[in-house]
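Every number for a ligand or one of its atoms is a count from 1 in the order of the listing. Residues: numbered from 1 along the sequence shown.
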Amino acid sequence: MRIDVLTLFPEFIHAAAAVGVVGRAQQRGLIEVAAWNPRDFTHDNYRRVDERTFGGGPGMVMSTRPLTDCLAAIRTAVPEPARVIYLTPQGARLTQRRVRELALLPRLALVCGRYEGIDERLIAREIDEEISIGDYVLSGGELGAAVIIDAVGRLQPGALNDADSAAHDSFEDGLLDCPHYTRPEVDAQGDAVPAVLLSGDHAAIARWRRREALGRTWLRRPDLLARMTLSRADRALLDDFRRTWLA
Ligand SMILES: NC(=O)c1ccc(NCc2ccccc2)nc1
C-alpha cells in the first residue's frame, strides 16, 4: 500500500512511520509512506501557505493554490488512483471497521490541515472523505495521519508477527480486550495472576478471556455491546460475569 501525506511537517510523518511495526512494514516493502510539503509549491518569497479568513475574525486558512499544486504532484507521482482523506474535527469518527476497509485500498492520500483548516472549495473539489480521530481539536491533522498510517499499516499482510497479532484479533470482534499478565506469578506487592491462566486448561483459559472481554465491554463501553448480537454462549458468559460483579 502506498500512503502520501500532504503536510507542513514532513519530518513528523517520516518519524512516526519509521518506528515499530510500521517501520518494519516499510522495510519489508509492505507499505510506502511519502510526505509532501505544500510550502514547496509556493512561488512568493515568503513561501506563504495561509491567508486571512474571509468574513473577518481570528485565524488563518490554508491557501488553495499551493495545496492544489501539491495534490496534483501527489496524484501524478504514482499511476494508482488515491483515495484522498482530509483529517478534520468535522470528519466521520474513525473506527476499526473503517480502518479495515481503508487497509484494503491500494493507495491513500492524507491531507493534514493546520490553522483553521483548508478552503472549503478545495474540499469540494479534491477531498473524497473527511475523517476525525476524536472529538477534540489539535494544532494540525498530522497526528490523525499518523494514526491512520499506524492502524492501516499494521493490518497489511505480513506486518504483524505472532507477538503482535493478538491485539489484531481482540478488537476485530468489536469487544474490548481481556486483561493480560506476565511474570512473576505473584509480584512484589503480593498480587497474583488469575489461577486459570496458569492452569494449562486452554478451553477454560479461552472461556475466561472471552468472559473478561465481554464483562469489560459491558462495564466500560456499553455502547459497543449494544451494537452486537451475542451468541447464547457469550450471553451465558456475560451473565456469569455480571453475577460475580454484582454479588
Ligand atoms: N479530531 C481530529 O481528527 C482533528 C483533525 C485536525 C485537527 N486540527 C487541524 C484542523 C483544524 C480545523 C480544520 C481542519 C483541520 N484537529 C483535530
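In summary, R2 and D4 engage in a salt bridge, as defined by a charged side-chain N under 4.0 Å from a carboxylate O.
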Practice task
Could you check Y86 against I131 for side-chain contact (heavy atoms from CB on, under 4.5 Å), going step by step and ending with a plain yes or no?
Solution key: CA-CA 6 Å; Y86 179 41; I131 289 180; over 6 Å; no

Ligand 1 polar-atom proximity to protein (N/O, under 3.5 Å):
| from | atom 1 | to | atom 2 | distance (Å) |
| --- | --- | --- | --- | --- |
| ligand 1 | 1 (N) | S132 | OG | 3.2 |
| ligand 1 | 1 (N) | G134 | O | 2.8 |
| ligand 1 | 1 (N) | Y136 | O | 3.1 |
| ligand 1 | 3 (O) | I133 | N | 2.8 |
| ligand 1 | 8 (N) | L138 | O | 2.9 |
| ligand 1 | 16 (N) | L138 | N | 2.8 |

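Residue pairs meeting the salt bridge (Lys or Arg N to Asp or Glu O under 4.0 Å) criterion with at least one member in residues 181-193, sequence neighbours excluded, do not occur. Pairs passing the salt bridge (Lys or Arg N to Asp or Glu O under 4.0 Å) check and including a residue from residues 192-207, sequence neighbours excluded, do not occur.
The two atoms that bring A145 and C112 nearest to each other are CB-SG, 3.6 Å, heavy atoms only.
R220 pairs by the side-chain hydrogen bond (donor to acceptor under 3.5 Å, both in side chains) definition with nothing, not counting sequence neighbours.
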